[in-house]
Amino acid sequence: MKDTTSHHDFPDSDPSAVTIDQANERIAQQLPSFTRTEQIPLLDSLGRILSSDVFSPMPSPPFRASAMDGFAYRFSDKGTERTVVGDSYAGHPGPDRLAAGDCVRITTGAKVPDDADTVVQQENTELHDKILRIVQPPKTPGHHVRDEGSDCQEGDLIAARGSTINASLMGLLSALGVTTVSVLQRLRITVISTGDELQQPGRALDDGQIFDANAPLVAALLNNPTISVSIANAMQDSLASVSEALKNAIQTSDIIITSGGVSVGERDHLRTVVDSMGGVALWKVAMKPGRPLSFGVLEGTTPWFGLPGNPVSAALTTLLFVLPALKRCQGLPAEPISVLKASCADQLTKLPGRVEFQRGVMTNDGQGNLSVSTTGLQDSHVLSSLAQANCFIRLPLSSNGALPGEEVDVIPYQFFSANLL
Ligand code: AMP
Ligand code: MG
């Protein structure tokens with residue numbers, strides 16, 4: 001569908017609303033860095049962030065090794081016959097000294113004798129008793145020999161500070177004998193729901209109550225090796241409860257995330273308390289769902305995100321604002337989210353003036369053509385559609401929807417790296 005607003009229009013038709021990028025910039029400006037480090041066993045470090053450069057403590061391989069099963073000999077010796085004078089097996093080196101015309105039988109990964117420089121693979125030889133005939137001799141010295149340090153030299157930079165330890169780095173560091181690494185300490189994040197209507201799953205629901213979905217949802221979105229999330233008891237809608245919950249959380253957390261309690265017309269205890277704890281901002285972000293977003297640094301130390309109460313809004317604001325902030329405060333680049341193009345199977349309706357994230361199901365026809373259909377009802381309490389979807393359809397600020405067959409932006413869940421799939 002055609003755009004109905006110009007780019008000069010205020011987002012949300014409300015001059016006080018900010019764009020998603022503006023909200024992220026404002027958060028970034030106030031966000032402290034977290035740089036506490038710890039030394040941990042390499043085997044426990046998957047997914048953690050290196051806090052210092054790692055240099056190779058040794059060459060790898062640590063000795064010249066054979067790349068084949070065959071025979072090791074000196075290339076410059078005359079003729080195509082050799083006398084087999086020993087064996088070098090992986091982990092069991094044979095003799096290092098060879099007289100002219102000698103060779104050793106060698107296996108893959110075994111040490112090449114100091115006096116040898118070339119390996120001929122077994123298939124290219126004939127052996128009669130101890131006499132080896134090289135039927136197809138390698139053309140150059142050094143054939144099938146892995147040089148010492150041909151993977152890494154001692155002192156090479158193996159991984160820079162800020163790298164995430166992944167499986168390949170885990171293998172490489174192990175190959176170099178590294179057993180411990182210095183990493184950033186996990187960020188301690190406390191997630192707190194707010195609302196008198198909330199009940200913990202497992203208890204009985206009284207009239208008018210609902211189970212708390214947000215705390216488990218947000219905690220699960222954030223769950224990753226660089227973060228230690230804990231869920232605190234939900235706050236009641238009272239000044240005392242809000243104040244106590246935040247004061248407790250500040251003692252034990254690097255970052256606090258609340259959900260709910262910031263709607264217009266709410267008894268405004270959360271705002272009152274966070275305002276008394278430091279410069280706190282509330283923005284209307286020109287997006288749907290997730291319009292009201294609060295952020296501040298409580299008591300000058302502890303970033304606080306006040307997410308909207310509706311679960312889909314809480315999830316989306318976690319993905320768009322909290323996750324990039326967590327990367328940033330750990331010194332990682334917060335890259336823009338990648339977007340794919342897909343053909344829209346349904347008609348989508350939307351009002352101009354805000355970016356909308358509708359839940360969609362994306363399919364690939366196997367030829368690289370993507371299409372996306374809507375999950376239906378897009379209200380922000382509809383958690384079943386968040387579970388059913390595998391992507392968000394992102395409709396830009398000025399769009400007023402999409403027609404069947406129109407190309408739309410989609411963000412597959414996996415692009416958020418947030419345990420959504
Ligand atoms: P609020 O911002 O507190 O007015 O909440 C907006 C809507 O989200 C209301 O319908 C709340 O009942 C709902 N809500 C708030 N917190 C939660 C939660 N933790 N789990 C599920 N729904 C919630
Ligand atoms: Mg509430």
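Order of appearance sets the numbers: ligands from 1, and atoms from 1 within every ligand. Sequence positions, counted from 1, serve as the residue numbers for this chain.
- Taking a cut-off of under 4.0 Å to the non-hydrogen atoms of Asp212, the atoms of ligand 1 that pass are 18 (C), 19 (N), 20 (N).
- A salt bridge links Arg105 and Asp87; the closest N-O separation between the charged side-chain nitrogens and carboxylate oxygens is under 4.0 Å.
- Applying the salt bridge (Lys or Arg N to Asp or Glu O under 4.0 Å) criterion to Arg64, with sequence neighbours excluded, gives no partner residue.
- Geometrically, ligand 1 and Ala213 share a nitrogen or oxygen pair separated by less than 3.5 Å.
- Residue contact check: Glu197 has heavy atoms under 4.0 Å from atoms 11 (C), 12 (O) of ligand 1.
- Note: an N/O pair closer than 3.5 Å links Gly309 and ligand 1 by distance alone.
- Ligand 1 places these atoms under 4.0 Å from at least one heavy atom of Ser193: 19 (N).
- Annotation for ligand 1: atoms under 4.0 Å from non-hydrogen atoms of Gly261 are 1 (P), 2 (O), 3 (O).
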Stepwise salt bridge (Lys or Arg N to Asp or Glu O under 4.0 Å) test for Arg36 and Glu38: CA-CA 7 Å; Arg36 293 184 315 261; Glu38 61 181 334; over 6 Å; no
Side-chain polar contacts of residues 379-388 - donor-acceptor pairs under 3.5 angstrom, sequence neighbours left out - could you list them?
{"from": "Ser380", "atom 1": "OG", "to": "Asn310", "atom 2": "ND2", "distance (Å)": "3.3"}
{"from": "Ser385", "atom 1": "OG", "to": "Arg359", "atom 2": "NH1", "distance (Å)": "2.6"}
{"from": "Ser385", "atom 1": "OG", "to": "Val382", "atom 2": "O", "distance (Å)": "3.0"}

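- Around CG of Asn233, the count of heavy atoms belonging to other residues, nucleotides or ligands within 6.0 Å does not exceed 12.
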